[in-house]
K.L.:
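Here it is: the structure, laid out below.
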Amino acid sequence: MIPFIKTVLLDLKSKKLNLEDLYFILPSKRAGVFLKHHLSTLLDQPIFSPQIQSIEEFVEELSGLQALPNTDLMFRFYETYRHLTKAEDQEPFESFTKWAQILLQDFNEIDRYLIPQEHIFDYLNAIKELNHWSLETNQTDLIKNHLKFWKHLKNYYSTFTEHLLQSKQGYQGLIYREAVENLEPYIENCNNKTHVFLGFNALNTAESQIIQGLLKSDLAHIFWDIDKAFIDDPIHDAGWFTRQHRKKWNYFKTQPFNWVTSYYKEFKNIKTIGIPKLVGQAKYIGKILEEITQEGTNLSNIAVVLGEEQLLLPVLNSIPKSITKLNVTMGLPLIYVPLASLFEQLFVLHKNNPKQYYYKDVIGLLSHPSIYPLFETQSNNVSSEIVAHIQKNNIVYITLIELKQLSNSHNELIELLFQSWKNKPEIALKHGSDLIFKMKSNFDSDKNKHSLELEYLYRFNTLFNQLSELNTSYKYLDSIAALQTIYKELLSSETLDFKGEPLEGLQIMGMLESRVLDFETVIISSVNEGVLPSGKTNNSFIPFDVKIENSLPTFKEKDAVYTYHFYRLLQR
């Protein structure tokens, strides 16, 4: 069966369009690699590669703003918050981040869906005024503070976005809003460049207006990847968004809605396998791959799609030895890297700046797989001796001096782990970096054997450098608790990226990375309620009914996005 990308290229060729002059815009960067590959199979002579971008890159270019990482945004937002709040009312950074993260997500949604900001913030404030729970005429301080927060939302938004725009930077939503503002000048200076949008499904209001603007000006072609079975069924969620586009876009009132295929009804061989626990799934995926490879199937036509990111390492460890080529598209979130637990234990140990340490914390740290090898001597392991001494003598609390007396030869390492951080983030960051280099020098003797561990260390070193830079620039981290908060935030958003040959071997990816790609054999893990789909999560200050009123996405739309990706994988 011909993949979707190739059918689009064949259609463009039949329209006598010059492929190298086209401007391809795709849902993800990943699809661009496959587009180049399919394009190369249709050529009989060399050409310059056409321009290929993801929708985020295109919108960023259109807006003229630079996207800022989430952590930087948090510090910039705190700057705005301090500027607008009286000194006696200001919250410390660690408690600010708990609600600011949700608020930034709401700003993002409001901007991407082009909601009039004044309207929605005034609306929210009015709702809270009506809803406040006190029947007393005179409001208590608690209620006054609660209502004051909602009154300030509008000021937070306008001042924050103003500062970002002055520095030509922005978060994703602001970039989308600015891109829409710049659309008309872009169309005027476009020099009849032809844009090709392919494989889109769920579009926010900004994306929808940009694509419709280019279609209306005859500067674009759009190719949907939707099956008749989904779009013609009024209640099938896989066709939820494309039905809306077909019905609401003015362009389709005069133009045909092309690219509805009917592959889904063709014969499929589908097996559902129930397996307890994540590791069981990983092992069984390895078993399936072993059976498939024995049949001689082409590996590049097989995709392993992981519903849960933490399955990546167990799956990589379960792949049969006969598979020598594979490509991992998804990044491994640093929170699942074994090294993450070491620094988490260090934070727990030093958080309250104790004079002596609880024995369980000490044993946990000394026995950690990343630390244990550093205590190795020619005859024994000093870490084991310290742990044995603590257990034998029933020691509950132990000091740094006692630990140094027990360790003898490894005093420098003991100091690095247990010397007080004095509640100062700069000391914590220095000790963290020194510990990383200590572990690195231990692995340097056999780099081939420890290549993955060295990669982990490199990413964590980058993370600590990032934290040091933010701390030097903003000086808002005034305690270990504040540092731990922002460290956890970075840990959940940063990933360890794998390199591979994207067009060869077994493909391992997350659900979103599978967009626009087609495979003959698909193995999907964690098809469980609460994972696929993820179900209700209400991480927002905007109530459900206000979202409905303002056409903002709710959990219903989020479910429909994953429904589309799931069924699209089964389509071909």
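Basis for what follows: all heavy atoms, side chains included, without hydrogens, waters or symmetry-related copies.
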K.L.:
Among residues two or more places apart or on two chains, list those pairs meeting salt bridge (Lys or Arg N to Asp or Glu O under 4.0 Å) that have a residue in residues 559-572.
P.N.:
D225-R568, D225-R572, D518-R568, D518-R572
K.L.:
Taking the six-membered ring for Trp, are the ring centroids of F541 and W99 within less than 6.0 Å of each other?
P.N.:
no
K.L.:
If you take the centroid of each ring, where Trp contributes its six-membered ring, are F241 and F200 closer together than 6.0 Å?
P.N.:
no
K.L.:
With a 3.5 Å distance limit and no angle check, can you tell me whether S40 reaches the backbone of H37 through a side-chain donor-acceptor pair?
P.N.:
yes
K.L.:
Could you tell me the separation between the CG atom of L164 and the CG atom of L73, rounded to the nearest 0.5 Å?
P.N.:
6.5 Å
K.L.:
Any chance you could measure L198, atom CG, to L9, atom CG, to the nearest 0.5 Å?
P.N.:
8.0 Å
K.L.:
Anything under 3.5 Å between a donor and an acceptor, one on a side chain of residues 509-517, the other on a protein residue two or more places apart or in another chain? List them.
P.N.:
unit_1: E513; atom_1: OE1; unit_2: G510; atom_2: N; d: 2.9
unit_1: S514; atom_1: OG; unit_2: M511; atom_2: O; d: 2.6
unit_1: R515; atom_1: NE; unit_2: L512; atom_2: O; d: 2.9

K.L.:
Which word best sums up how the rings of F75 and Y474 line up, parallel for under 30°, tilted for 30 to 60°, or perpendicular for over 60°?
P.N.:
parallel
K.L.:
Taking all atoms of both residues into account, what is the closest heavy-atom pair of L35 and I5, and its distance?
P.N.:
CA-CG2, 3.7 Å
K.L.:
Distance from T554 atom OG1 to I548 atom CD1, nearest 0.5 Å?
P.N.:
5.0 Å
K.L.:
Should D237 and Y567 be marked as a side-chain contact (heavy atoms from CB on, under 4.5 Å) after you check the CA-CA gap, both sets of side-chain angles, and the distance that decides it?
P.N.:
CA-CA 10 Å; D237 271 359; Y567 281 98; over 6 Å; no
K.L.:
Are the aromatic rings of F464 and F343 close, with centres under 6.0 Å apart?
P.N.:
yes
K.L.:
Answer yes if the side chains of T495 and D497 hold a donor-acceptor pair under 3.5 Å, and no otherwise.
P.N.:
yes
K.L.:
Using the side-chain contact (heavy atoms from CB on, under 4.5 Å) definition, which of the options Q172, Q169, M74 pairs with L68?
P.N.:
Q169
K.L.:
Checking the side chain of S534 only, and the main-chain atoms of V531 only, is there a donor and an acceptor separated by less than 3.5 Å?
P.N.:
no
K.L.:
Is there a donor-acceptor pair under 3.5 Å between the side chain of S217 and the backbone N or O of L219?
P.N.:
no
K.L.:
Who pairs with R243 by salt bridge (charged side-chain N to carboxylate O under 4.0 Å, His left out), at least two apart in sequence or on another chain?
P.N.:
none
K.L.:
Centres of the H195 and Y186 rings: under 6.0 Å?
P.N.:
yes
K.L.:
Does any N or O in the side chain of S493 come within less than 3.5 Å of the main-chain N or O of L490, such that one atom is a donor and the other an acceptor?
P.N.:
yes
K.L.:
Would you check if the distance from the ring center of Y23 to the ring center of F58 is below 6.0 Å?
P.N.:
yes
K.L.:
Got a donor-acceptor contact below 3.5 angstrom from the S63 side chain to the Y176 backbone?
P.N.:
no
K.L.:
Under 30°, 30 to 60°, or over 60°: which ring-plane class applies to F252 and W249, parallel, tilted or perpendicular?
P.N.:
parallel
K.L.:
Between S14 (side chain only) and D11 (backbone N and O only), is there a donor and an acceptor less than 3.5 Å apart?
P.N.:
yes
K.L.:
Would you confirm whether R177, through its side chain, and I110, through its main-chain N or O, come within 3.5 Å as a donor-acceptor pair?
P.N.:
yes
K.L.:
Got a donor-acceptor contact below 3.5 angstrom from the D233 side chain to the I235 backbone?
P.N.:
yes
K.L.:
Quick one: does N108's side chain have a donor or acceptor within less than 3.5 Å of a partner on L104's backbone?
P.N.:
no
K.L.:
Can a donor-acceptor pair be found, under 3.5 Å and without considering hydrogens, that links the side chain of N204 to the backbone of A206?
P.N.:
yes
